[in-house]
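The figures that follow rest on heavy atoms only: side chains count, while hydrogens, waters and symmetry mates do not. Just so you know, these numbers come straight off a predicted model, no measurement behind them. Atoms within a ligand are numbered from 1 in the order they appear, just like the ligands themselves.
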Amino acid sequence: MPIRTILILVLAGAASLASAQSVLFNNAGSTGEDPGLATGTTAANGTPAPFGASWSELQADSTVQSHANAVAGFASHFTGSGDLYRFADDFTISDPTGWVLESVSLYAYQTNALGGASPFTAINVRIWSGRPGDAGSTIVFGDSVTNRLLGSTSSQIYRIFRTTAQPSPQSADTKRLIWKTDASLAGAILGPGTYWIDWQYTGAAPGAEAFSPALTFAGMRTRGGANARQFRTEQAGAWADVVDMGKPALALDLAQDFPFILRGMVRCPGDFNNSGGTPDDSDVAAFFDAWNEGDPSADVNNSGGVPDDADVFTFFVYWAEGC
Ligand SMILES: [Ca+2]
Ligand SMILES: [Ca+2]
Ligand SMILES: [Ca+2]
């Protein structure tokens, strides 16, 4: 293995591992931590939010003020029998080297849950290539069994119905505290493309509900291109578009999108073991392990076939470039 021997001899000192986990995607459209739920500290009817908290109030149409959304949250929980629900929304990876995902933040409330601890004790997550329910769509990460819960904390945002909706305005209350729940996506390494992430909560109480609130922007009942999906056994076990029918009844039925934030790092080809930070000796070792085994991951020049000397050359170009 002369090429390996030579290359290892020229390696400089190793850099330390550094996990560079940051926001890769926020479905609210920003690159920050705001999930796209809070509508302010004063409800439309003037009710102030509790100190330190915000409302997430269902919005009215900016041009037809008498038309408002009607659904505070859509079911996204496992019930143990009979009904069970899943939820899915899409994201696109445009970085040519792809992403190394670490976790996802998801948002849901349980009506009348006691404060203090999260009402959610487990969450399972999958990632699809293709839209869930469509022929040919495949699951590329995760399953519907593994609990990926990392933590669940209060968002300090209370979901409320429209407080000025007619003919039956609803008071602003604190029955629907939204919890930010983080789930591990460790091991999800995805190339460029469009994917769907799909989730399902389990509550502390058997059969307890989880309701996912839709993305909420001031003066908008939805946004263009909204396309989230919900799986419902009561709909003969099918995936369907998530629609808020609005109120009053003649308000438009509008498709919705949902808040989620993906964290991780843009994949760096020289960081072969995806450990983050500057490529080091361990990446060289990992590359040659894969290369010796003929593993497709060592075909770093994407030429197809068995990894060969050209891949070694390409890998060291990446490795020298750093991240
Ligand atoms: Ca979407
Ligand atoms: Ca590395
Ligand atoms: Ca190759």
[X] N/O/S atom closer than 3.0 Å to the Ca ion (ligand 3):
X      : answer
Thr314 : no
Asn302 : no
Asp311 : yes

### Query
Do Tyr107 and Phe258 make the cut of ring centroids closer than 6.0 angstrom?
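Ring centres of Phe258 and Tyr107 not closer than 6.0 Å.
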#### Entry: With the Ca ion (ligand 3) as the apex, the OG/OD1 angle for Ser303 and Asp299 - to 10°
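Reported to 10°, the angle equals 90°.
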### Query
Is any side-chain N of the basic residue among Glu33 and Lys180 closer than 4.0 Å to the acidic one's carboxylate O?
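Looking at Glu33 and Lys180, the cut-off is not met.
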### Salt bridge present between Asp95 and Arg267 (N-O < 4.0 angstrom)
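Answer for the salt bridge query: no.
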### Task
Look at Asn227 and state whether any of its N, O or S atoms is less than 3.0 Å from the Ca ion (ligand 1).
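Checking the Ca ion (ligand 1) against Asn227, an N, O or S atom does fall under 3.0 Å.
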### Query
Vertex the Ca ion (ligand 1): angle to OD1 of Asp90 and OD2 of Asp257, to 10°?
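Between OD1 of Asp90 and OD2 of Asp257, the angle at the Ca ion (ligand 1) is about 150°.
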### Query
Is the closest side-chain heavy-atom distance between Leu149 and Thr181 below 4.5 Å?
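Touching, per the 4.5 Å side-chain cut-off.
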Report whether any nitrogen, oxygen or sulfur of [X] sits less than 3.0 Å from the Ca ion (ligand 2) (N, O or S, backbone or side chain).
X      : value
Asp280 : no
Thr278 : no
Asn273 : yes

### Query
Measuring from Asn227:CG to Asp89:CG, what's the distance to the nearest 0.5 Å?
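Going from CG on Asn227 over to CG on Asp89, the span is 5.5 Å.
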### Query
Which heavy-atom pair separates Trp55 from Ala49 by the least distance, and what is that distance?
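Taking Trp55 first and Ala49 second, the nearest heavy atoms are NE1-N, 3.3 Å.
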### Query
Can a donor-acceptor pair be found between the side chains of Thr194 and Thr92 at a distance below 3.5 Å?
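Yes - a donor-acceptor pair under 3.5 Å links their side chains.
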### Message
Taking ring pair (Phe, Tyr, Trp, His ring centres under 6.0 Å) as the criterion, tell me which of Trp239, Phe78, Tyr85 meets it with Phe231.
### Response
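Of all the options given, the one that passes is Trp239.
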### Query
When you measure from the Ca ion (ligand 1) to each N, O or S atom of Asp89, which atom gives the shortest distance?
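Of the nitrogen, oxygen and sulfur atoms in Asp89, the Ca ion (ligand 1) lies nearest to OD1.
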### Message
If I take the Ca ion (ligand 2) as the centre, what angle separates the OD1 atom of Asp271 from the OD2 atom of Asp283? Nearest 10 degrees is fine.
### Response
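With the Ca ion (ligand 2) as the vertex, OD1 (Asp271) and OD2 (Asp283) sit 110° apart.
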